[in-house]
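Reviewing the structure listed below.
Just so you know, residue 1 is the first one in the sequence shown, and it goes up from there. These values consider heavy atoms only, across backbone and side chains, with no hydrogens, waters or symmetry-generated copies.
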Amino acid sequence: MSKMVEAEEAQMKKEDDDPRVLAISSSIRVVPNFPKPGIMFQDITTLLLEPKAFRDTVDLFVQRYKDKNISVVAGIEARGFIFGPPIALEIGAKFVPLRKPKKLPGEVISEAYDLEYGSDCLQMHVGAVEPGDVALVVDDLIATGGTLCAAINLLG
């Protein structure tokens with residue numbers, strides 16, 4: 001196992017023992033059968049109603065990524081727009097919104113992807129990411145991984 005992987009696992013274990021993680025987890029509402037039967041939706045809007053839990057969430061991300069030389073925080077529409085900007089500000093990175101089609105003015109690049117219930121597309125401004133940038137992608141969940149793969153392809 002590489003030293004980088006070992007360090008990341010040690011950091012995750014440390015975070016699991018952090019009392020803020022339990023408080024954050026308990027502030028997230030679980031909505032059964034949303035948006036369709038069988039899905040247990042993790043609703044972060046309840047976390048946003050609790051300033052301490054919201055602050056602690058941002059702080060944990062910053063703590064994890066502040067020394068990783070990240071130059072871009074890319075937020076996936078729409079919940080990536082909630083956590084991405086404060087994380088970017090705290091670690092001194094630029095924020096790049098990854099949006100659904102026809103939401104960004106000017107020249108964009110696009111990446112289509114499959115969802116568990118259809119397909120979609122992400123777009124980013126041309127030139128928002130430069131060669132050598134190191135990116136952190138922020139979203140609220142990973143279901144099939146399609147959105148994350150599309151984000152990585154756009155940023156790459």
Closest contact, heavy atoms only, A151 versus V137:
CB-CG1, 4.1 Å

S27 side-chain N/O to A53 backbone N/O, donor-acceptor pair under 3.5 Å:
no

Look only at the side chain of H125 and the backbone of I109, and say whether a donor-acceptor pair between them is shorter than 3.5 Å.
no

How far apart are the closest heavy atoms of A74 and L155, and which atoms are they?
CB-CD1, 3.8 Å

Would you mind reporting whether L60 and I24 have side-chain heavy atoms less than 4.5 Å apart?
yes

Worked check of side chain to side chain contact (heavy atoms under 4.5 Å, CB included) between E130 and K94
CA-CA 11 Å; E130 300 168 7; K94 60 186 171 182; 4.1 Å; yes

D56/K52 under side chain to side chain contact (heavy atoms under 4.5 Å, CB included): CA gap, chis, key distance, verdict:
CA-CA 6 Å; D56 287 345; K52 181 165 179 10; 2.8 Å; yes

L47 vs F54 side-chain heavy atoms within contact, under 4.5 Å
yes

About how many Å separate CZ of F34 and CZ of R29, when rounded to the nearest 0.5 Å?
9.5 Å

Separation between CD1 of I87 and CD of Q63, rounded to the nearest 0.5 Å:
12.5 Å

Nearest 0.5 Å, what's the SG-OH distance between C121 and Y113?
8.0 Å

Taking K100 for the side chain and D120 for the main chain, is one N or O donor matched with an acceptor at less than 3.5 Å?
no

Carefully, step by step, assess R20 and R55 under the rule side chain to side chain contact (heavy atoms under 4.5 Å, CB included).
CA-CA 10 Å; R20 296 175 295 179; R55 174 83 252 168; over 6 Å; no

Is V96 close to V73 at the side-chain level, that is, under 4.5 Å between some pair of heavy atoms?
no

Do D133 and S71 get their side chains close enough for a donor-acceptor pair, meaning under 3.5 Å?
yes

Are any side-chain N or O atoms of N33 and backbone N or O atoms of G38, one a donor and one an acceptor, separated by less than 3.5 Å?
yes

Looking at CD1 of I44 and CG of L48, how far apart are the two atoms once the value is rounded to the nearest 0.5 Å?
5.0 Å

Working for side chain to side chain contact (heavy atoms under 4.5 Å, CB included), residues V134 and V72:
CA-CA 6 Å; V134 176; V72 174; over 6 Å; no

Can you classify the ring geometry of F83 versus F61 as parallel (below 30°), tilted (30 to 60°) or perpendicular (above 60°)?
tilted

Rounded to the nearest 0.5 angstrom, the CZ-CG distance for F81 and D140 is 12.0 Å

What are the two closest non-hydrogen atoms of G75 and F95, and how far apart are they?
N-CE1, 3.5 Å

Can you see which heavy atom on M124 is nearest to which on V129, and at what distance?
SD-CG2, 3.8 Å

Can you tell me how far CZ of R99 sits from CD1 of I76, rounded to the nearest 0.5 angstrom?
13.0 Å

Using the side chain to side chain contact (heavy atoms under 4.5 Å, CB included) rule, pick out the option among T147, V108, N153 that qualifies with L122.
T147

Note: with side-chain heavy atoms under 4.5 Å as the link, the other cluster members for L89 come out as none

Cluster question for you: counting only ILVMFWY and a side-chain heavy-atom cut-off of under 4.5 Å, with indirect links fine, are I91 and I82 together?
yes

